[in-house]
Number of protein chains: 2
Amino acid sequence: MKIELGWLLMATSTVENYLKAVLRQEEATGSTTVGEVAKELAVTPGTVTTMMKHLDEEKLVDYQPRKSLSLTLEGRSAALKVVRRHRLIELFLVQIMGLDWSEVHEEAEILEHVISDRLLDRIDVMLGEPTHDPHGDPIPDRDGNLAQVEATPLDEAEGGNYRIVRVSDDDSDLLGWLDENGLTIGEEFALAHPNRAAGVLEISRSTGAKVQLGVQAAGQVFVEAISA
Amino acid sequence: MKIELGWLLMATSTVENYLKAVLRQEEATGSTTVGEVAKELAVTPGTVTTMMKHLDEEKLVDYQPRKSLSLTLEGRSAALKVVRRHRLIELFLVQIMGLDWSEVHEEAEILEHVISDRLLDRIDVMLGEPTHDPHGDPIPDRDGNLAQVEATPLDEAEGGNYRIVRVSDDDSDLLGWLDENGLTIGEEFALAHPNRAAGVLEISRSTGAKVQLGVQAAGQVFVEAISA
DNA sequence: AACAATATCTTGATCAGTCAAGATAAAATG
DNA sequence: CATTTTATCTTGACTGATCAAGATATTGTT
Ligand SMILES: [Mn+2]
Ligand SMILES: [Mn+2]
Ligand SMILES: [Mn+2]
Ligand SMILES: [Mn+2]
C-alpha cells in the first residue's frame, strides 16, 4: 500500500517533454497524432502510445487510441509552464549571461526541467517580466496566458517591406548565419519580388546590403509587413 | 555490436553523485566505505556495492570488495569537476541571482549535473574566477587543484578570538539562523571559555551582542584564531 | 577459539523509459 | 468493395537505478 502523493504535482522531465511536444503541435496545426509526437521526440510510435496511455490516466491528455489525442486543460497548463521556463531561461542566457541566441536553445531544453520556482522568479524579475524570448516567441505569463504571434513565414511573403518578428529557435546554424547578416528580431528589410522558380529570396537592408536566402531557411523566419 | 563511445566522457548524474560522496569522505576522513557512501546518499549498502563494481570497471574507483574503496586519479578528477560546478553555481546564485546562502545548496545539487561547460565558464568569468563558495568552501580550479581550508570546528575551540572561515552548507536552518545573527564568513567574535557540561557556547560580537549556540550547531561552524 | 554483532554482498524483483518487430486497424486506391 | 499502404498498438526485452531480504565475511568479545 504505497501512498501516491504527487504524481500530478511532480511531472518527470520526460513527461514534460511529451506535453510540450503535444502543445507545440496543437499550436502549430490545431491537433496532433502519435506519429507526429514520435517524430518530434525521436522515439518510436509504440513508445508514444505507451506514454499517452499513462498521461491519459493522469488526466494530462485526452487520448482515444487511433481516434484522437489532445491536451487536457491541466496538461496544457503544465505544458505552458514548461514553455514559460524555457523561454525565460533562453532570454536570461542571452541577456544576462551573454550567450548567443544560437546557443541557448539546447541549454534551455535541459534547464527548463530543473530550475526551481524561486530561481525562475528571480530570473523573471531580473528581466523585467519580459513578454518575448530571444527568438521572438511569446512567453506565457504566470497564469498560463500565451499571446499569439501572427506573422508570415518569409517564404510565403510577397515583395514588399517587412520586419522580422520571430525566428525558429532550433536551428543553431541558421541563427548564427542570420546574426552574422544582421537579421535579428525587429530588423527591417525590403523583399524583392520572389522568384519562386529559383528557390531563392533576395532581401535589401536600408544600409544597402543585399542578402539571398533559400526558401528552406526563409520558412523559418517570420515577418510582419510594414509601411515604409 | 554497439559502439561504446563515451562512457568515461559521459558520467550520468547518479554516477557523479557517487563520486562526489566518495571524494567528500576521503577529504573528511582519509578514506571511505560502502556503508558510509550508502548513508550519505541514502541508499542501501547493496546498491552501493553494485555501483562500485561498475565504477571500478570504468576505472573511476579502486574497489576491492570488503577490503578497500578509493577514487582513482580519474575518478578524483571527475569528482572535483562536479564540486567545482557545485560551488561556482552556489556563488553565482548568491552573488548574481541574489538568493540566500541558505537556499542555494539544494539548487546547486541539481544544476551541477546539467550546466554546460560554456555556461559554467561564463559564470566563472562573471564572478572573477573566485576561490571560495558562499560557505567558505574552496572552489577547485580548472585543473582540479583544491585548496586546503584548515580551520577548527567551533565546538573544539578554546576561549579566545576567532574569525568564521567556513560553514557546513547542507543545513539550511542553521544557515538561516547564522545569517540572522550576523554570523557570516569573515565575521569575527570572541568565544567565552566553553562550559562543556552545559553543551552551550557563548559568543560576543564587537557590537556587544552576545549569542549562544549548542555544540551540535557549533560543530558545523569552522573558525580560525585571530590576534585581536 | 567460539560466538555474537556488524558490515558487506548477492539475488530476485520493481520502475520508468525505451526499442524491435509482429499484429491490427484505418485510410487510400483502383 | 477488395486490396494495398500507412498509422498505430501490443508484446517481449533491455538498461540504469534501486530495494528487500537472505547469505557471507569480518571484527570484536568473552
Ligand atoms: Mn528554444
Ligand atoms: Mn526561443
Ligand atoms: Mn553545497
Ligand atoms: Mn557550499
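All chains are named by letter (A, B, ...) in the order of the sequence lines, taking the proteins before the strands, and each is independently numbered beginning at 1.
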Problem set entry | Partners passing ring-ring contact (aromatic ring centres under 6.0 Å, His included) against H105(A) (at least two apart in sequence or in another chain) |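 For H105(A) the ring-ring contact (aromatic ring centres under 6.0 Å, His included) partners, ignoring immediate neighbours, are H86(A).
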Exercise. Under a 4.5 Å cut-off applied to non-hydrogen side-chain atoms, are D170(A) and Q220(A) in contact?
Worked result: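 Side chain of D170(A) against side chain of Q220(A), heavy atoms only: contact under 4.5 Å found.
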Exercise. Could you state the interatomic distance from CG (L69(B)) to CE (M52(B)), rounded to the nearest 0.5 Å?
Worked result: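 Reported to 0.5 Å precision, the distance equals 5.5 Å.
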Would you tell me if any nitrogen or oxygen in the side chain of [X] comes within less than 4.0 Å of OP1 or OP2 on [N]?
| X | N | result |
| --- | --- | --- |
| T47(B) | dC19(D) | yes |
| T49(A) | dT10(D) | no |
| T12(A) | dG17(C) | yes |
| T14(A) | dG17(C) | yes |

Exercise. Is there a residue in residues 27-44 of chain A whose heavy atoms reach under 4.0 Å of DNA chain C, and which residues are they?
Worked result: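 When residues 27-44 of chain A is checked for heavy atoms under 4.0 Å from DNA chain C, the hits, listed by number, are A42(A), V43(A), T44(A).
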[X] [atom1] to [N] [atom2]: how many Å, rounded?
| X | N | atom1 | atom2 | value |
| --- | --- | --- | --- | --- |
| K53(B) | dT15(D) | NZ | C1' | 16 Å |
| Y63(A) | dA7(D) | OH | C1' | 11 Å |
| M52(B) | dA7(C) | CE | P | 18 Å |
| H54(A) | dT10(D) | NE2 | P | 12 Å |
| L19(B) | dA17(D) | CG | P | 11 Å |

Exercise. How would you list all residue pairs meeting side-chain hydrogen bond (donor to acceptor under 3.5 Å, both in side chains) that involve residues 29-38 of chain A, not counting sequence neighbours?
Worked result: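 Checked against side-chain hydrogen bond (donor to acceptor under 3.5 Å, both in side chains) - neighbours excluded - the pairs reaching residues 29-38 of chain A are Q25(A)-T32(A), E36(A)-K39(A).
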For this session: Enumerate the residue pairs fulfilling side-chain hydrogen bond (donor to acceptor under 3.5 Å, both in side chains) with a member in residues 45-57 of chain B, sequence neighbours excluded, ordered by first and then second residue.
Result: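 Listed once each, the pairs are T44(B)-T47(B).
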Problem set entry | R142(B)/D117(B) salt bridge by N-O under 4.0 Å criterion |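 A salt bridge is absent here (no side-chain N lies under 4.0 Å from a carboxylate O).
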Problem set entry | Basic-acidic side-chain contact under 4.0 Å: D133(A), R166(A) |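 Result for this pair is no, no salt bridge flagged.
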Using a cutoff of under 3.5 Å, can you pull out all pairs of nitrogen or oxygen atoms linking the protein to nucleotides 2-6 of chain C, with atom names and distances?
none

For this session: Hey, which sits more toward the 5' end of DNA chain C by its nearest nucleotide, Y18(A) or Q64(B)?
Result: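 Final value for this comparison: Q64(B).
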Between protein and nucleotides 25-27 of chain D, what N or O pairs are separated by less than 3.5 Å?
| residue | atom | partner | partner atom | Å |
| --- | --- | --- | --- | --- |
| dA25(D) | O4' | R66(B) | NH1 | 3.4 |

Greater than 12 external heavy atoms within 6.0 Å of [X]'s [atom1]:
| X | atom1 | value |
| --- | --- | --- |
| R122(A) | CZ | yes |
| Q216(B) | CD | no |
| K20(A) | NZ | yes |

Exercise. Just checking, any donor-acceptor pair under 3.5 angstrom between side chains of Q64(B) and S68(B)?
Worked result: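 A pair is found: one side chain offers a donor N or O, the other an acceptor, under 3.5 Å apart.
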Exercise. Given dC9(D), dG17(C), dA17(D), which nucleotide is nearest the side-chain atoms of M51(B)?
Worked result: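 Of all the options, the side chain of M51(B) is nearest to dA17(D).
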